[in-house]
Amino acid sequence: MLFSRALIPTVKEAPQDAANASHVMLTRGGFIRRVGAGMYDYLPLGLRVLRKVESIVREEMDRAGALEILMPALLPAEYFKETGRWDRFGDTLFRLKDRKGSEFLLGPTHEEIVTDIARREIKSYRDMPKNLYQIQSKFRDEPRPRGGLLRCREFIMKDAYSFDADEAGAKASYEKMRVAYCRVFDRMGLTYRMVAADSGAMGGSTSAEFQVLADSGEDAIVACGACDYAANVEVATVKAPPAAAAGTQEPRAEVHTPKHGTIDEVTAFLGVTKDKMLKSLLYAAGDQVVMAVVRGDHDVNEILLARALGLSEVFLASEADVKKATGADVGFAGPVGFTGKLLVDRAASVVVNGVAGANKTDTHFKGVNRGRDFEGDVVDIRLAATGDICPKCEKGALQSYRGIEAGHIFILGTHYSEKMRALFSGEGQEQKPVVMGCYGIGVSRLVATAIEQHNDADGIRWPMSLAPYHVALVTLGKDQAVADAGKKLYDELWAMGVEVLWDDRDERPGVKFKDADLIGLPLRVTIGGKGLAGGNIELKPRTEPDPKKAEFVPVADAARVIAARVKSLLS
RNA sequence: CGGGGAGUAGCACAGACCGGUAGUGCGCAAGCUUUGGGUGCUUGAGAUCGCGGGUUCAAAUCCCGCCUCCCCGACCA
């Protein structure tokens with residue numbers, strides 16, 4: 001592609017609203033333009049990257065034996081009513097009506113529709129396993145679209161669905177997808193972790209997220225430094241602390257702590273460390289108010305807390321509810337004498353001579369010990385953090401990371417097949433629901449995710465497998481010999497299968513170099529009058545910041561050397 | 001949905017408090033200049049000041065209503 005004939009509208013200034021690297025660079029580099037909140041144009045460069053992501057995903061799905069199909073994005077409401085998701089999806093669903101007033105939706109995901117295919121076409125255990133996938137636009141009315149392509153209302157997703165005759169078959173299908181996903185992310189040159197995750201509304205028995213590590217990620221994950229344990233912090237647990245040391249228990253004593261309600265204030269006032277504090281938080285859980293106690297240096301994990309209570313969610317109690325439940329102002333709640341349901345984190349349960357609120361305004365207790373001063377149910381309800389010991393190997397220390405969820409795989413079981421009567425005949429003529437799995441990859445999100453992980457101050461550093469073109473060819477000056485050499489190399493490289501973007505514009509060198517860095521093609525070939533007079537062109541990887549370290553390659557060898565370099569970076 | 005912020009030329013912004021000829025930089029067009037990291041100079045085109053209403057002789061500016069967008073949080077296969 002000739003730059004002079006392309007549509008690559010680079011701009012110097014970042015859009016005022018962009019807050020992360022990928023949004024800034026995709027916009028500045030002329031890859032995308034915003035059309036509305038969470039809606040983007042893909043300009044030619046952006047579309048080429050999107051297509052590369054799609055190709056890799058498609059190749060790996062096909063390799064894993066999945067079959068590509070395409071379902072409509074516009075869907076009749078009846079399918080979602082059949083499974084109850086028409087109501088359960090709430091405001092996230094884009095709903096619309098046709099001219100006759102019939103209800104429709106724009107598909108946020110396609111379990112119902114693919115299950116409809118299954119119930120019509122899969123009649124026997126002999127028809128399975130099957131895995132159907134599509135790459136398609138999805139629509140979700142997100143409460144808050146953000147981050148450019150990272151969270152859109154219309155986005156492109158690969159969604160795959162497996163159908164098996166039994167749980168063991170489903171596990172095998174799931175495992176195939178896991179391997180395929182690893183290949184996808186490996187080929188894209190991404191650093192990622194497969195983590196245990198909350199199954200959420202899908203209610204599956206087994207699920208894992210593929211988290212691409214990036215400081216700008218929305219998700220917090222922890223991973224063990226010694227074994228393969230990794231989990232979304234939502235569901236991460238930690239090794240149980242040692243049983244209480246048989247230390248001497250001080251008598252419990254009331255202390256006056258006027259206006260000192262926070263952990264920081266109380267520890268400073270009483271001269272104790274945070275791990276001696278019994279942080280007591282009140283939650284609205286269903287129709288009751290429960291108290292959750294964790295150590296002062298720990299935080300409550302609300303998802304674990306909700307699970308421990310058998311609920312889907314809990315909310316921090318209002319100030320009024322706290323006062324009603326404890327009889328004290330916020331900041332002075334504690335387990336001693338609390339009459340409601342009491343949950344105590346494992347680590348907090350073994351604190352000896354702790355400090356806790358006395359359920360009396362401006363008052364705390366010292367010398368609080370579980371077993372003597374209070375009871376409560378001991379559960380794991382705290383957030384894992386860096387330094388905690390791994391729950392799996394019980395040796396390694398956990399490390400916290402930020403991640404971007406780029407893929408999620410589930411075993412769904414028979415949730416949808418039962419509701420929609422997707423039944424098949426087993427070997428003994430019995431009718432059984434198919435066992436399903438579902439597997440998503442955020443294709444358009446990956447375009448942005450790759451940049452979040454691969455960029456520097458000057459712009460993007462595309463991995464070769466995702467770059468819109470393999471090589472940026474920059475010719476300098478108006479010298480005809482340079483232009484001729486550029487044209488020759490350009491033609492040779494394309495003939496060898498190398499995708500070249502030739503900056504043939506009548507621009508000064510600085511402009512071309514800046515744009516090349518911004519667009520971020522992995523290899524840059526420069527042809528200038530001086531170098532050419534010496535019989536050389538220059539070759540520099542985008543990852544090399546120092547232009548002086550460019551490699552000189554004889555003109556005669558250039559095409560061959562460059563093509564070989566591209567090939568090695570692709571494998 | 002809660003909190004905060006912003007809508008003025010293609011982009012980034014000033015002007016608003018204190019009403020009176022709509023401005024700057026980048027980009028765009030033309031000319032000269034320059035040519036290995038966003039060259040310098042000159043000239044020019046380009047705006048229903050988000051929308052609707054109100055106050056006023058006069059509204060980008062003051063008042064009322066609405067819309068859109070962004071950030072933090074909640075939310076989120």
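Values reported hereafter were calculated over all heavy atoms of this structure, with side chains retained and with hydrogens, waters and symmetry mates removed.
For A:Lys176, the NZ atom counts as loosely surrounded, since its 6.0 Å shell holds 12 or fewer non-hydrogen atoms of other residues, nucleotides or ligands.
Note: CG (A:Leu518) to P (B:G27) measures 15 Å, nearest angstrom. The distance from atom CD of A:Glu507 to atom C1' of B:U35 is 11 Å, rounded to the nearest whole Å. One interatomic measurement links the two molecules: CG of A:Asp506 to P of B:C28, which rounds to 12 Å at whole-angstrom precision. For A:Leu7 and B:C28, the CG to P distance is 14 Å, given to the nearest whole Å. Atom NZ in A:Lys514 sits about 14 Å away from atom C1' in B:U39, given to the nearest Å. Across the protein-nucleic acid pair, A:Glu544 atom CD and B:G37 atom C1' stand 15 Å apart, rounded to whole Å. Rounded to a whole Å, the CZ atom of A:Arg505 is 12 Å from the P atom of B:G27. Following rounding to the nearest Å, A:Asp91 (CG) and B:C1 (P) show an atom-to-atom distance of 8 Å.
The side chain of A:Arg146 sits closest to B:A74 out of B:A77, B:A74, B:U35. Counting only heavy atoms from C-beta on, A:Arg34 has its side chain closest to B:C69 among B:U35, B:C69, B:A77. Nearest nucleotide to the side chain of A:Arg508, out of B:G37, B:U39, B:A77: B:U39. Side chain of A:Phe513, nearest nucleotide from B:C76, B:A77, B:G36: B:G36. Each of B:A77, B:G36, B:C69 was ranked by its minimum atom distance to the side chain of A:Pro509; first place goes to B:G36.
Counting heavy atoms from C-beta outward, A:Cys438 and A:Glu111 have side chains that approach closer than 4.5 Å. Residues A:Val435 and A:Met128 are not in side-chain contact: their nearest non-hydrogen atoms beyond the backbone lie 4.5 Å or more apart.
Summarising the base pairing, B:A47 is matched to no nucleotide, lacking a Watson-Crick or G-U wobble pair whose two defining distances lie under 3.5 Å. With both pairing distances under 3.5 Å, B:C76 is matched to nothing as a Watson-Crick or G-U wobble pair. Across all strands shown, B:C62 pairs with B:G54; the Watson-Crick or G-U wobble distances both stay below 3.5 Å. As the counterpart of B:C18, no nucleotide is assigned, since no Watson-Crick or G-U wobble pattern has both distances under 3.5 Å. B:C11: Watson-Crick or G-U partner is B:G25, with both key distances under 3.5 Å.
Of the C1' atoms belonging to B:U8 and B:U68, the separation is 16 Å, rounded to the nearest Å. B:G10 sits 12 Å from B:A47 when the C1' atoms are compared, rounded to a whole Å. Straight-line distance between the C1' atoms of B:G52 and B:C67: roughly 10 Å, to the nearest whole Å. B:C13 and B:A6 have their P atoms separated by 12 Å, given to the nearest Å. For the C1' atom pair drawn from B:G40 and B:U34, the interatomic distance equals 8 Å after rounding to whole Å. The P atoms of B:A60 and B:G23 are separated by 13 Å, rounded to the nearest whole Å. Rounded to whole Å, the P atom of B:A9 lies 15 Å from the corresponding atom of B:A22. Taking atom P in both B:G50 and B:A16, the straight-line distance is 16 Å, to the nearest Å.
Residue A:Lys512 is classed as having no contact, given no heavy-atom separation below 4.0 Å to the nucleic acid. Using a 4.0 Å heavy-atom criterion, one finds that A:Val511 contacts the bases of the nucleic acid, with or without backbone contacts as well. Nucleic acid contact class of A:Glu302 (heavy atoms, under 4.0 Å, all strands): none. Across all strands, A:Pro547 comes closer than 4.0 Å to base atoms (heavy-atom distances). Residue-level contact check: A:Gly528 touches the bases, meaning some heavy atom is under 4.0 Å from a base atom. Residue A:Tyr161 is classed as a base contact, given a heavy-atom separation below 4.0 Å to a base.
Put simply, the side chain of A:Arg524 and the base of B:G37 share a donor and an acceptor less than 3.5 Å apart. Residue A:Glu13 places a side-chain atom within donor-acceptor reach of the base of B:G25, judged by atom type and a 3.5 Å distance cut-off alone. Side-chain atoms of A:Arg28 and base atoms of B:G38 include a donor and an acceptor less than 3.5 Å apart. Counting distance only, with no hydrogens placed and no angle test, the side-chain atoms of A:Arg151 and the base atoms of B:C76 include a donor-acceptor pair under 3.5 Å.
Regarding contacts with the backbone of B:G27, a side-chain N or O of A:Lys12 is found under 4.0 angstrom from either OP1 or OP2. The side chain of A:Arg144 places an N or O atom within less than 4.0 Å of a non-bridging phosphate oxygen (OP1 or OP2) of B:C71.
Relative ring orientation between A:Tyr181 and A:Phe210 is described as tilted, the plane-to-plane angle lying within the 30° to 60° band.
A donor and an acceptor atom, one from each side chain of A:Ser216 and A:Asn20, are nowhere located under 3.5 Å apart. For the 3.5 Å distance criterion, the side chains of A:Ser162 and A:Tyr439 qualify, holding a donor opposite an acceptor.
With respect to the salt-bridge test (charged N to carboxylate O, under 4.0 angstrom), the residues A:Glu551 and A:Arg565 qualify.
Across the interface with RNA chain B, nearest-nucleotide mapping of A:Pro143 and A:Gly36 shows A:Gly36 to be the residue nearer the 5′ end.
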**Message:** Is there a side chain to side chain contact (heavy atoms under 4.5 Å, CB included) between A:Phe3 and A:Ile519? Walk through the geometry before answering.
**Reply:** CA-CA 12 Å; A:Phe3 205 127; A:Ile519 291 166; 3.9 Å; yes
